[in-house]
Amino acid sequence: MRAVIIPNDPIKAYLKKGEMIERYFNPENIFDRIDIVSLADSDVEPASVQHLAGKARLNIQPVGRISLLRALFPGTYVRRITRAVDVMGADVIIAHNSNVAGFVAARLGKMFRIPVVICMHTNPDKDIRAHISWKDIKRKLFWLYSSVLLENYALKYSSKVICAYNFITSYLISRGVEPGRIKVIYHRIDVEKFKRRSDLTGPKSNEKLRILCVGRVFERKNPENIIRAIKNLNAHLTIIGDGNLLPGLIKL
């Protein structure tokens, strides 16, 4: 089987973030060929991230970054992609968001009569749009435009929508996606990688408690209270994550 995948970010962003999960794009090695459409001007060489695709032959094709012009005229962007990527003959097109990537996937799926699967990790109305102020005018206008002209189209022509969390289903249903097209598949933790050491003992009385907080630092995952809570504790907190709240957290 062959998949065309349009990720949420360029693959180099996954590499920088460290989110390099084995077979991330090819669970159970169900695909023998994967073509990644990278919405960027440049990206990494496939060989450097082959483990993301498992046993599949991996191709990564940058097709140009998302600009305001391309977002406003996505049809032209889609035609550019069809000239750069061999889409015909794929068994499925998978997009990792419901805005630009989802729109592109839906247009390609309709053009070539290929099933489209959209993967959702957020509720854009509650997790993104609700937190963008009018001070950030460009971002605000893009997400309002996306709500009306990109997301509705993407979801209308998707065959299935996979959600990482159940709360996303309310957003999908409000957009007219029938429950039969929605599948919730929660994130898993590989517990085999987190076994307790047999020789592990509790912390010594003078030893600092080490606290690790991992996650994108934005309004819905604000770790501010964790920082405040350790003020008078013998503890060391490490926060791993990026986001718009980072400068304020560093200051705190």
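- With hydrogens and angles ignored, the 3.5 Å screen pairs a side-chain donor or acceptor of Lys12 with a backbone N or O of Ser42.
- Partners of Arg181 according to the salt bridge (Lys or Arg N to Asp or Glu O under 4.0 Å) rule, which considers only residues two or more places apart in sequence or in another chain, are Glu178.
- Between the side chain of Asn26 and the backbone N or O of Phe31 there is at least one donor-acceptor pair closer than 3.5 Å.
- For the pair Lys140 (side chain) and Ile132 (backbone), a donor-acceptor distance under 3.5 Å is present.
- No continuous path of hydrophobic side-chain contacts links Phe218 to Trp134 [ILVMFWY only; heavy atoms under 4.5 Å].
- By the neighbour-count criterion of 12 heavy atoms within 6.0 Å, atom CE of Met111 is densely surrounded, having more than that number from other residues, nucleotides or ligands.
- Nearest approach of Ala235 to Ile211, heavy atoms of both residues: CB-CD1, 4.1 Å.
- For residues 75-101, the ring-ring contact (aromatic ring centres under 6.0 Å, His included) pairs, not counting sequence neighbours, are Phe25-His96.
- The closest donor-acceptor contact from the side chain of Asp32 to the backbone of Ala56 lies at 3.5 Å or more, if one exists at all.
- With sequence neighbours left out, Ser146 forms a side chain to side chain donor-acceptor pair (under 3.5 Å) with Glu151.
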**OP:** Would you sort out whether Leu52 and Ile36 count as a side chain to side chain contact (heavy atoms under 4.5 Å, CB included), showing the intermediate values?
**Re:** CA-CA 11 Å; Leu52 290 173; Ile36 291 179; 6.0 Å; no
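- In this structure, the ring-ring contact (aromatic ring centres under 6.0 Å, His included) partners of Phe103, at least two apart in sequence or on a different chain, are Tyr153.
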**OP:** Tell me, with the steps shown, if Tyr157 and Val116 meet side chain to side chain contact (heavy atoms under 4.5 Å, CB included).
**Re:** CA-CA 7 Å; Tyr157 292 104; Val116 172; over 6 Å; no
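- Listed by first then second residue, pairs satisfying side chain to side chain donor-acceptor pair (under 3.5 Å) with a partner in residues 50-70 read Asp35-Asn59, not counting sequence neighbours.
- A donor-acceptor pair is defined here as one N or O able to donate and one able to accept, closer than 3.5 Å; such a pair exists between the side chain of His131 and the backbone of Lys126.
- Applying the side chain to side chain donor-acceptor pair (under 3.5 Å) test to pairs two or more places apart or on separate chains, those with a residue in residues 237-252 are Glu219-Asn244.
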Original post:
Run the salt bridge (Lys or Arg N to Asp or Glu O under 4.0 Å) check on Arg129 and Asp125 step by step: do they pass?
Top reply: CA-CA 5 Å; Arg129 270 183 280 271; Asp125 288 340; 2.9 Å; yes
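- The aromatic rings of His187 and His121 sit tilted relative to each other, their planes meeting at an angle between 30° and 60°.
- Within a 6.0 Å sphere centred on CZ of Phe167, other residues, nucleotides and ligands contribute more than 12 heavy atoms.
- Remark: Ile81 CD1 to Arg83 CZ distance equals 10.0 Å, nearest 0.5 Å.
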